[in-house]
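Quick note on labels: first sequence line is chain A, next is B, and so on, each numbered from 1.
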There are 2 protein chains.
Amino acid sequence: MVKYEAIANEIRHRITDGTYKVESLIPDQVSLSEEFKVSRMTIKKALDILALEGLIYRQRGSGTFVMKNSPLNEENAAVNEYDGLTKQMQGHKLESRIIKFTVEFPDEEIMQHLMIEKNMPVYNLVRLRIVDDKPYVLEHTYMPTDLTTGLTEDIIKGSIYKYIHDELKIKFSGAYRKIRADKSSKYDQEYLNCGVHDPILEVEQIVYLKDGRPFEYSRSRHRYDTRSYTFIDMNKKI
Amino acid sequence: MVKYEAIANEIRHRITDGTYKVESLIPDQVSLSEEFKVSRMTIKKALDILALEGLIYRQRGSGTFVMKNSPLNEENAAVNEYDGLTKQMQGHKLESRIIKFTVEFPDEEIMQHLMIEKNMPVYNLVRLRIVDDKPYVLEHTYMPTDLTTGLTEDIIKGSIYKYIHDELKIKFSGAYRKIRADKSSKYDQEYLNCGVHDPILEVEQIVYLKDGRPFEYSRSRHRYDTRSYTFIDMNKKI
DNA sequence: GAGTGGTCTAGACCACACA
DNA sequence: GTGTGGTCTAGACCACTCA
């Protein structure tokens, strides 16, 4: 653990446990650098993290305030959604029903999204994820076979992301997402057990590896009444 | 303009114009610090920005790569949605029809979202935003009157955000958002001119000021076929 | 071992708020 | 003017990759 992370954690604790009170100043950077016996630059880097999380607000000339309590500073606000559903749903009963699992050549759209040539086979995977015995999401996933070799039915019944992370040692850099509402298709109605006129919340996602290669293209279709998509958007500029 | 921003801009240009080619190394930090005649720390700070934008990927021991072209590095990927619709829709014809504009005391839900007491009056505003002569979004907005004094019909017909930014000199720190799909209400059908069974994409939003005070609570209801919500989610940890 | 990026330092100067 | 946070420096050491 590097120093600035450790200091950020300590200050985060002091905010959540009330040592540093909401809407009041915390000690200035010079005092903190003396307390933690580090340089001021290191303190600033720790505070940068907390500012990005929305916990504090700094004003040149005035000092550093603890922000008012808000959804921004709940512990769970910063889930990385591309960690996969298995990780998000810890503590719940999660099953996966495999509806389709084939290897095929990509069509024009998939080629574009995954930035691959037409001769690169892709996995085409449709899974119904069932949380606490209720159908939760219908996932349509495409992955190039060269990046995720060795997928088996056993693996995709559980956590693909766990396999990729633990076995293949692959790490992600981030994801592009598009969220929209849609009418339900016959497919949705059959598997998600929703009404003919029920809306669907669709999350289209491309996950990227560290080197920028697309690793997964998926469309996740949710019942409108079981899922919303929450996130925070902090201003990077001061 | 500070040095690291200027350098980040210059390197961004070199990537977009092909001087630094996709999937290849860019010069190392020492070379760049010599070229720009700055310290290595300043170069690193410039590269930090580009890494957060998803343009480059750095690997200790190896160097800094230009990421493969992706939605992540399109110019428009980083719109701040709390800048308001007027700014996002530049180049389009935008009208606002005021459906409701009152001042009232907040109910329990609004009190919680805006973190105010029950004796603090709030503006309650319903606007239909019309883009290129087509109904685009129905916005239900609540704002505490103490933060945005002096709202008039003229202002809310145009850009509230412009008024707040230019006249009141208020700046935002970020926003909390929740996106969901919903069935259309009679209200939606009347104003958005959508079918009885058409889904609605709803964006619930709380915008925060620099000091953490909530400044606006709103629900924006869109026709499902005119709006999707796009964003990128970069991994902060390396 | 050489070269890369990540962290950290001690100090300097600047921009800004407030009295 | 004093105190705050933001930037920048020159250099050091470390962790990692690759030959």
Side-chain angles (χ1 to χ4, degrees), chain A residues 1-11 20 23-67 169-171 173 209-212 234-238, chain B residues 1-11 20 23-67 169-171 173 209-212 234-238:
Chain A
M1 174 84 81
V2 292
K3 285 190 188 179
Y4 67 85
E5 276 179 359
I7 293 169
N9 291 341
E10 171 59 25
I11 296 177
Y20 296 154
E23 280 185 287
S24 62
L25 288 168
I26 73 173
D28 64 88
Q29 296 181 357
V30 175
S31 309
L32 288 172
S33 67
E34 284 162 1
E35 182 197 336
F36 288 103
K37 303 212 185 328
V38 297
S39 75
R40 210 187 117 211
M41 284 289 282
T42 304
I43 292 293
K44 186 179 172 297
K45 216 168 168 185
L47 296 179
D48 285 345
I49 295 174
L50 302 179
L52 257 185
E53 291 173 357
L55 276 170
I56 59 169
Y57 158 57
R58 291 167 290 180
Q59 192 156 52
R60 190 183 279 195
S62 304
T64 300
F65 306 85
V66 179
M67 295 265 266
K169 309 286 184 199
I170 288 176
K171 285 179 182 168
S173 73
L209 300 183
K210 287 263 170 187
D211 62 2
M234 292 303 297
N235 211 343
K236 270 114 197 169
K237 299 223 175 171
I238 304 295
Chain B
M1 174 84 80
V2 292
K3 285 189 190 178
Y4 67 84
E5 276 179 359
I7 293 170
N9 291 341
E10 171 59 25
I11 296 177
Y20 295 155
E23 282 185 285
S24 63
L25 288 168
I26 73 173
D28 64 90
Q29 297 180 355
V30 176
S31 309
L32 288 171
S33 67
E34 284 162 1
E35 182 199 335
F36 288 103
K37 301 211 188 327
V38 297
S39 75
R40 211 188 115 211
M41 283 289 282
T42 304
I43 292 293
K44 186 180 172 296
K45 216 168 168 184
L47 296 179
D48 285 345
I49 296 174
L50 302 179
L52 258 185
E53 291 173 356
L55 276 170
I56 59 169
Y57 159 56
R58 291 168 291 182
Q59 192 158 49
R60 190 183 280 194
S62 305
T64 300
F65 305 85
V66 179
M67 296 264 267
K169 309 285 183 199
I170 288 177
K171 285 178 184 169
S173 73
L209 301 183
K210 286 267 172 187
D211 63 1
M234 291 302 297
N235 210 344
K236 271 117 197 166
K237 300 223 175 171
I238 304 295

Q: Report yes if at least one side-chain N or O of B:T64 is closer than 4.0 Å to OP1 or OP2 of C:dG5; otherwise report no.
A: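 Yes, within the criterion.
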Q: Let me confirm one number: the CG-OG1 distance from A:L50 to A:T64, rounded to the nearest 0.5 Å.
A: 10.0 Å
Q: Distance check: side-chain N/O of A:K3 vs OP1/OP2 of C:dT7, anything under 4.0 Å?
A: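 Looking at the OP1 and OP2 atoms of C:dT7, neither is under 4.0 Å from any side-chain N or O of A:K3.
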Q: For DNA chain C, what is the dot-bracket line, given that a base pair needs Watson-Crick (N1 to N3, plus N6-O4 or O6-N4) or G-U wobble (N1-O2 and O6-N3) geometry with both distances under 3.5 Å, and | means paired with another strand?
A: ||||||||||||||||||.
Q: Measuring from atom CE of B:M1 to atom CD1 of B:I7, what distance do you get when rounded to the nearest 0.5 angstrom?
A: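 One finds 11.0 Å between CE of B:M1 and CD1 of B:I7.
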Q: For the atom pair CG (B:L47) and CG (B:L52), what is the distance rounded to the nearest 0.5 Å?
A: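 With rounding to 0.5 Å, CG (B:L47) is 11.5 Å from CG (B:L52).
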Q: Rounded to whole Å, how long is the line connecting atom CD of B:Q59 with atom P of C:dG3?
A: 19 Å
Q: Is the phosphate of C:dA17 approached by A:S62 (side-chain N or O, under 4.0 Å from OP1 or OP2)?
A: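 No.
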Q: Take atom CD of A:Q29 and atom P of D:dT7, then tell me their distance rounded to the nearest Å.
A: 11 Å
Q: Please state whether the phosphate of C:dT7, meaning OP1 or OP2, lies under 4.0 angstrom from any side-chain nitrogen or oxygen of A:T42.
A: no
Q: Rounded off to whole Å, could you give me the NZ-to-C1' distance for the A:K44 and D:dG6 pair?
A: 6 Å
Q: Determine the contact category for A:V38: base if any of its heavy atoms lies under 4.0 Å from a base atom, sugar-phosphate if only primed atoms, P, OP1 or OP2 are that close, otherwise nothing.
A: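 Since only primed, P, OP1 and OP2 atoms lie under 4.0 Å of A:V38, the category is sugar-phosphate.
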Q: Given that A:V2 and B:G63 both sit by DNA chain C, which one's nearest nucleotide is further toward the 5' end?
A: B:G63
Q: Using whole Å, report how far CG of B:L32 lies from P of D:dT9.
A: 13 Å
Q: Are any of A:Y4's side-chain N or O atoms less than 4.0 Å away from OP1 or OP2 of C:dC8?
A: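 Answer no for this pair, as no side-chain N or O of A:Y4 is under 4.0 Å from OP1 or OP2.
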Q: Taking for each residue the nucleotide of DNA chain C bearing the nearest heavy atom, is the 5' side occupied by A:G61 or by A:S39?
A: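 That would be A:S39.
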Q: Could you check how far CE of A:M1 sits from P of C:dG6, rounded to whole Å?
A: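 Between P of C:dG6 and CE of A:M1: 18 Å.
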Q: Taking atom types as they are modelled, is there a donor-acceptor pair under 3.5 Å from the base of C:dG3 to the side chain of B:R60?
A: no
Q: C:dT9, OP1 or OP2 - any side-chain N/O from A:R40 closer than 4.0 Å?
A: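 The answer is no; no side-chain N or O of A:R40 sits under 4.0 Å from OP1 or OP2.
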Q: Starting from C1' on C:dC14, measure out to CD on B:E5 and report it in whole angstrom.
A: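 The distance from CD of B:E5 to C1' of C:dC14 comes to 15 Å, rounded to the nearest Å.
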Q: Just verifying a value: how many Å separate A:F36 CZ and A:E10 CD, rounded to the nearest 0.5 Å?
A: 5.0 Å
Q: Heavy atoms only: give me the nearest B:Y4-B:A46 pair and the separation to one decimal.
A: O-CB, 3.4 Å
Q: Given the rule in the salt bridge (Lys or Arg N to Asp or Glu O under 4.0 Å) test, do A:D28 and A:R40 qualify, once you have shown the distances and angles that lead to the verdict?
A: CA-CA 10 Å; A:D28 64 88; A:R40 210 187 117 211; over 6 Å; no
Q: Rounded to the nearest angstrom, tell me the gap between atom CD1 in A:I43 and atom P in C:dC8.
A: 11 Å
Q: Nearest-Å distance, CE (B:M41) to P (C:dG5)?
A: 15 Å
Q: Below the 4.0 Å mark, does C:dC8 have OP1 or OP2 next to a side-chain nitrogen or oxygen of A:K45?
A: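 Checking A:K45 against C:dC8: no side-chain N or O falls below 4.0 Å of OP1 or OP2.
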Q: To the nearest 0.5 Å, what is the distance between NZ (A:K44) and CZ (A:R58)?
A: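 One finds 5.5 Å between NZ of A:K44 and CZ of A:R58.
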Q: Can you tell me how far the CG atom of A:L32 sits from the CD atom of A:E34, to the nearest 0.5 Å?
A: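 Rounded to the nearest 0.5 Å, the CG-CD separation comes to 9.5 Å.
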